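Chain letters run A, B, ... following the sequence lines, proteins first and then strands; every chain starts at 1. Predicted model only: the values in this text are computed from it and were never measured.
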Number of protein chains: 2
Amino acid sequence: MEIALQIKMNEKLFLRNPELSALGKKIIQHSIQLIHKNGFESFTFKKLAADIGTTEASIYRYFENKHRLLIYIAAWYWSWLEYRVSVNTMNIKDPAVRLKRVIKLLTAVVEDDIKTTYFNEDILHQIIIAEGTKAYLTKHVTEDNKDQLFKPYKDLCAKIGEIILDYNPKYKYPKSLASTLIEVAHFQNFFMHNLPSLTDFGKDKDESKIVAFLEDLVFSSIKN
Amino acid sequence: MEIALQIKMNEKLFLRNPELSALGKKIIQHSIQLIHKNGFESFTFKKLAADIGTTEASIYRYFENKHRLLIYIAAWYWSWLEYRVSVNTMNIKDPAVRLKRVIKLLTAVVEDDIKTTYFNEDILHQIIIAEGTKAYLTKHVTEDNKDQLFKPYKDLCAKIGEIILDYNPKYKYPKSLASTLIEVAHFQNFFMHNLPSLTDFGKDKDESKIVAFLEDLVFSSIKN
DNA sequence: CATACTTGATAGCTTTACTATCTTTTTAGA
DNA sequence: TCTAAAAAGATAGTAAAGCTATCAAGTATG
């Protein structure tokens with residue numbers, strides 16, 4: 001049995017759906033590799049075209065520009081994370097256990113037994129850590145938001161907020177704590193690897209330390 | 001009596017010290033305005049030159065490129081914040097009170113009685129919220145870090161970490177909590193204004209709500 | 001087998017991101 | 001106050017980025 005994870009993406013994220021053609025999939029696959037290798041700033045459609053063996057014009061048929069492609073990749077990532085949160089918290093009654101699962105999922109990409117995608121999810125996780133915020137830290141965030149481009153991120157956040165409320169219905173900041181959790185998981189990871197003196201995990205570079213910090217942070221806050 | 005705040009900046013941040021000439025000051029002043037108005041992505045030295053009434057070449061004599069200029073502005077901001085933290089926590093014994101002062105300083109620019117700079121600090125605060133992380137979210141963060149470009153950020157973080165330890169010497173994550181506090185203060189502000197459903201303050205857009213959230217977050221964590 | 005759609009190939013245009021050089025103006029100090 | 005050196009202005013030029021347009025070739029589908 002072959003399982004392919006198909007995530008339904010907002011039509012506004014692309015000009016032509018990259019999931020529906022070989023070239024489209026190559027664009028996503030090679031984008032992730034190139035952005036990971038050289039960073040988003042030095043990433044261009046010309047370089048991407050050369051890497052794939054196609055032309056710049058062909059890529060512009062799929063995405064308006066490289067920023068839209070980044071939003072697409074980020075949206076895919078958030079949808080995928082929400083899916084994994086759903087799967088991993090299913091049938092678990094205890095909200096504390098569910099929250100701990102969420103924290104683990106946010107912090108590191110755990111090896112899945114089923115290979116669901118045509119690209120490396122761990123690399124995807126890494127580029128979201130380093131480049132993900134650039135998707136919305138722009139002057140056109142409001143228009144992009146109106147086009148629902150950040151819906152997967154907001155859905156994930158809402159879902160985590162629900163779990164927080166399940167644990168403690170009286171907690172006053174479920175949504176802010178959820179978005180904080182997501183961002184801090186990424187930032188602490190980036191700092192640990194790149195600006196270690198901003199963290200307490202510089203020496204060992206161990207992701208489980210971030211998990212411990214986040215668990216401490218979240219559970220102290222929501223304990224009444 | 002005239003008080004001018006002179007912050008000693010790392011020599012590697014610029015080619016020619018912008019604080020030491022009228023043109024240099026104009027570069028900083030107009031950069032802040034332009035980045036605030038149009039965002040860092042659409043900001044160019046050509047536009048900046050036109051805005052000032054000088055030439056592109058003249059600006060390149062002060063800064064290698066626009067990214068270095070952003071790092072300069074960010075470094076100035078962090079130094080300024082650290083200075084304000086020092087002043088505002090001076091002579092206060094109670095670490096709880098000191099921490100609360102820090103949280104307020106991180107969250108909003110309080111009107112100062114003394115005008116110390118030639119640009120609007122509130123606008124500076126806003127551009128750091130929206131663009132500040134782009135200073136270090138790059139592929140060359142490690143080299144930039146070796147050149148000490150992020151020292152003001154790290155110093156501020158260390159100082160806040162110290163205050164956290166003063167409050168509770170047994171707390172295990174002072175540095176991570178400090179960097180979290182700084183970043184979350186900014187992100188929650190950005191979300192509140194631009195992606196309000198990611199926060200619990202969307203309706204009123206009131207900075208004091210962020211302060212309350214951060215106080216709750218920090219003090220629950222560090223209470224033993 | 002026809003035709004609609006996708007991709008490739010090529011060209012071109014504006015803007016960005018610089019570097020170089022020469023002249024004029026400003027400034028600092030002897 | 002004169003002088004020289006430093007800063008700023010003026011101008012030009014180049015490579016790459018960020019697109020858009022057009023037409024031909026290949027491929028899928030009914």
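- Using a 4.0 Å heavy-atom cutoff across all strands shown, B/Phe45 reaches no nucleic acid atom at all.
- At the heavy-atom level, B/Phe63 lies nowhere under 4.0 Å from the strands shown.
- The aromatic rings of B/Phe40 and B/Phe43 sit parallel, their planes meeting at an angle under 30°, below the 60° perpendicular limit.
- Between A/Lys209 and A/Asp204 there is a salt bridge, with a side-chain nitrogen of the basic residue lying less than 4.0 Å from a carboxylate oxygen of the acidic one.
- Side-chain N/O atoms of B/Lys47 include one lying less than 4.0 angstrom from OP1 or OP2 on C/dT16.
- Rounded to an integer number of Å, the gap from B/Lys25 NZ to D/dA8 P is 12 Å.
- Taking the nucleotide of DNA chain D with the nearest heavy atom to each of B/Gly24 and B/Glu56, the more 5' of the two is matched to B/Gly24.
- For A/Ser58, a side-chain nitrogen or oxygen approaches OP1 or OP2 of C/dG8 to under 4.0 Å.
- Atoms CD1 (A/Ile52) and P (C/dA9) sit 14 Å apart, rounded to a whole Å.
- The closest donor-acceptor contact from the side chain of A/Ser179 to the backbone of A/Lys175 lies under 3.5 Å.
- When side chains are defined from C-beta on, B/Leu69 counts as touching B/Ile28, because their heavy atoms get closer than 4.5 Å.
- With respect to the salt-bridge test (charged N to carboxylate O, under 4.0 angstrom), the residues A/Lys159 and A/Glu82 qualify.
- Regarding B/Tyr62, its OH atom lies at a distance of 13 Å from the C1' atom of D/dG9, rounded to whole Å.
- Atom CZ in A/Arg68 sits about 16 Å away from atom P in D/dG18, given to the nearest Å.
- The side chain of A/Tyr60 lies closest to D/dT20, out of C/dC18, D/dT20, C/dT16.
- Defined by atom type and a distance below 3.5 Å, a donor-acceptor pair is missing between the side-chain atoms of A/Thr138 and B/Glu41.
- Between B/Lys46 and B/Arg16, the residue anchored closer to the 5' end of DNA chain D is B/Arg16, taking for each the nucleotide with the nearest heavy atom.
- If you measure from atom CZ of B/Phe43 to atom C1' of C/dT16, you get 13 Å, rounded to the nearest angstrom.
- Residue A/Thr55 places no side-chain N or O under 4.0 Å from the OP1 or OP2 atom of C/dA9.
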- line: Going 5' to 3' through nucleotides 21-30 of chain D and flagging B where a protein heavy-atom sits under 4.0 Å of the base, S where only the sugar-phosphate is that close, and - otherwise, we get BB--------
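- In this structure, CG of B/Leu23 is placed 16 Å from P of C/dT25, rounded to the nearest angstrom.
- Between the CG atom of B/Leu48 and the C1' atom of C/dT16 there is a distance of 14 Å, rounded to whole Å.
- Partner of B/Trp76 under the ring pair (Phe, Tyr, Trp, His ring centres under 6.0 Å) criterion, out of B/Phe119, B/Tyr118, B/Tyr83, B/Tyr153: B/Phe119 alone.
- B/Phe40 has its CZ atom 12 Å from the C1' atom of C/dA17, to the nearest Å.
- The side chain of B/Ser21 contributes an N or O atom lying less than 4.0 Å from OP1 or OP2 of D/dA8.
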